[in-house]
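Report on the structure given below.
In this text, all values refer to a predicted model and were calculated from it rather than measured experimentally.
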Amino acid sequence: MNFIQAILMGIVQGLSEFLPISSSAHLVFTSNFYKVFKGIEIAQQSNEEVFFDIMLHFGTLIAVLIFFRKEILAILKALINAIKTKNYSDPEARIGLFIILGTIITIALALPLHDVAEMLVYSPAIVGGLLIITGIVLFVSEYISKHVVAQKENVDLKSSILIALAQGLAVLPGFSRSGWTIATGLFTGLDRVTAAKYSFLLSIPIILGASMVYPFIKIDLHEAITYNWIAIIFGTIVSGLVGYLCIKYFLKFVSKFSLAIFGWYCIIAGLGTLLFFSIYG
């Protein structure tokens with residue numbers, strides 16, 4: 001892990017975590033492109049790299065917490081009040097319940113897929129194929145949103161369950177978490193801004209859990225002393241700053257434009273990486 005690699009991956013994570021283009025796929029691509037050009041075996045992935053991936057996600061978690069701080073506080077206050085009064089009619093309280101339910105569903109689906117997801121880190125060509133599927137899903141969701149279902153601005157129980165299932169599937173690199181959850185929101189009739197905001201809020205418990213629990217379970221403290229902490233810290237800061245700006249401008253974008261451009265990007269990037277790593281992988 002060097003400083004330039006850390007900054008580059010911080011930028012990639014900050015951009016791709018909230019854009020519907022799969023941050024995990026882009027981290028896989030970036031890391032493995034770097035290894036190909038440096039002549040390093042793709043199958044090699046150090047504990048430092050794994051830890052750095054977690055820290056990059058922690059950086060984007062801080063970004064979403066800061067950006068949605070008012071909404072998060074409102075949801076927490078409404079949920080606490082609803083529990084005290086046993087009255088869950090407040091829309092903010094229901095969103096809080098949906099996020100809790102969605103997190104449980106996500107974990108239940110993602111855990112059995114975890115080992116498969118880890119193996120795919122060493123198979124960037126397959127990840128490219130999954131990214132192509134994400135692009136197709138984005139196109140189909142836009143069509144259904146415009147021509148089949150009536151749009152609504154409130155998340156309901158059905159939408160929350162289906163979006164959580166999509167988030168669970170997106171543990172596989174190439175299946176964009178934001179892409180699949182936003183697309184599922186569109187499938188169920190949510191408008192793009194509502195689907196995007198709920199997608200970002202739903203990501204908080206999962207990223208928080210991964211970034212807080214993983215270091216205490218997997219990291220050898222004696223080995224961690226040897227990590228390039230300056231590079232890790234700077235990469236994490238960059239991922240947070242880029243992530244914050246990405247949220248801000250992505251929400252403005254989806255309020256006016258479709259997700260088609262991201263669908264095209266996923267298909268082109270997926271095809272390119274599939275071909276590249278089929279040859280050089």
Would a distance-only check, ignoring hydrogens and angles, find a side-chain to backbone donor-acceptor pair under 3.5 Å from [X] to [Y]?
{"X": "Ser160", "Y": "Leu157", "value": "yes"}
{"X": "Glu142", "Y": "Leu259", "value": "yes"}
{"X": "Thr188", "Y": "Ser159", "value": "no"}
{"X": "Thr273", "Y": "Ala269", "value": "yes"}
{"X": "Thr184", "Y": "Trp180", "value": "yes"}
{"X": "Thr106", "Y": "Ala164", "value": "yes"}

Between [X] and [Y], is there a shared hydrophobic cluster once you connect ILVMFWY residues whose side-chain heavy atoms come closer than 4.5 Å?
{"X": "Ile100", "Y": "Val155", "value": "no"}
{"X": "Ile279", "Y": "Ile268", "value": "no"}
{"X": "Phe3", "Y": "Val242", "value": "yes"}
{"X": "Leu271", "Y": "Ile261", "value": "yes"}

[X] versus [Y]: any side-chain heavy-atom pair under 4.5 Å?
{"X": "Thr103", "Y": "Ile107", "value": "yes"}
{"X": "Thr226", "Y": "Glu48", "value": "no"}
{"X": "Tyr198", "Y": "Ile99", "value": "yes"}
{"X": "Arg94", "Y": "Asp156", "value": "no"}
{"X": "Lys152", "Y": "Asp191", "value": "no"}
{"X": "Ile66", "Y": "Arg69", "value": "yes"}
{"X": "Phe187", "Y": "Leu162", "value": "no"}
{"X": "Val127", "Y": "Phe277", "value": "no"}

Quiz item: Roughly how far, to the nearest 0.5 Å, is CD1 of Ile62 from CG of Leu241?
Solution: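 Nearest 0.5 Å value for the CG-CD1 distance: 11.5 Å.
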Practice problem: Output the distance between atom OG1 (Thr194) and atom CD1 (Ile182), rounded to the nearest 0.5 Å. | Solution: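 Reported value, rounded in 0.5 Å steps: 11.0 Å.
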Self-check item: Inter- and intrachain pairs under ring pair (Phe, Tyr, Trp, His ring centres under 6.0 Å), touching residues 54-73, at least two apart
Solution: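 Checked against ring pair (Phe, Tyr, Trp, His ring centres under 6.0 Å) - neighbours excluded - the pairs reaching residues 54-73 are Phe67-Tyr244.
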Quiz item: Would you call the rings of Phe257 and Phe253 parallel, tilted or perpendicular, where under 30° means parallel and over 60° means perpendicular?
Solution: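 Aromatic pair Phe257/Phe253 classed tilted.
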Got a sec: does the [atom1] of [X] have more than 12 other heavy atoms crowding it under 6.0 Å?
{"X": "Tyr88", "atom1": "OH", "value": "yes"}
{"X": "Leu73", "atom1": "CG", "value": "yes"}
{"X": "Ile83", "atom1": "CD1", "value": "yes"}
{"X": "Asn81", "atom1": "CG", "value": "yes"}

Could you pull out every donor-acceptor pair under 3.5 Å between side chains of residues 199-209 and any protein atom, sequence neighbours left out?
{"residue": "Ser199", "atom": "OG", "partner": "Arg177", "partner atom": "NH2", "Å": "3.3"}
{"residue": "Ser199", "atom": "OG", "partner": "Thr181", "partner atom": "OG1", "Å": "2.7"}
{"residue": "Ser203", "atom": "OG", "partner": "Phe200", "partner atom": "O", "Å": "2.6"}

Please list, one pair per line, the donor and acceptor atoms closer than 3.5 Å that link side chains of residues 13-22 to other protein atoms, with sequence neighbours excluded.
{"residue": "Gln13", "atom": "NE2", "partner": "Glu17", "partner atom": "OE1", "Å": "3.0"}
{"residue": "Gln13", "atom": "NE2", "partner": "Thr60", "partner atom": "OG1", "Å": "3.2"}
{"residue": "Ser16", "atom": "OG", "partner": "Val12", "partner atom": "O", "Å": "2.6"}
{"residue": "Glu17", "atom": "OE1", "partner": "Ser23", "partner atom": "OG", "Å": "2.9"}
{"residue": "Ser22", "atom": "OG", "partner": "Ser24", "partner atom": "OG", "Å": "3.3"}
{"residue": "Ser22", "atom": "OG", "partner": "Ala25", "partner atom": "N", "Å": "3.1"}
{"residue": "Ser22", "atom": "OG", "partner": "Gly174", "partner atom": "N", "Å": "3.1"}

Self-check item: Centroid-centroid distance, Phe51 to Trp229, less than 6.0 Å
Solution: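 Aromatic pair counts; centres sit under 6.0 Å.
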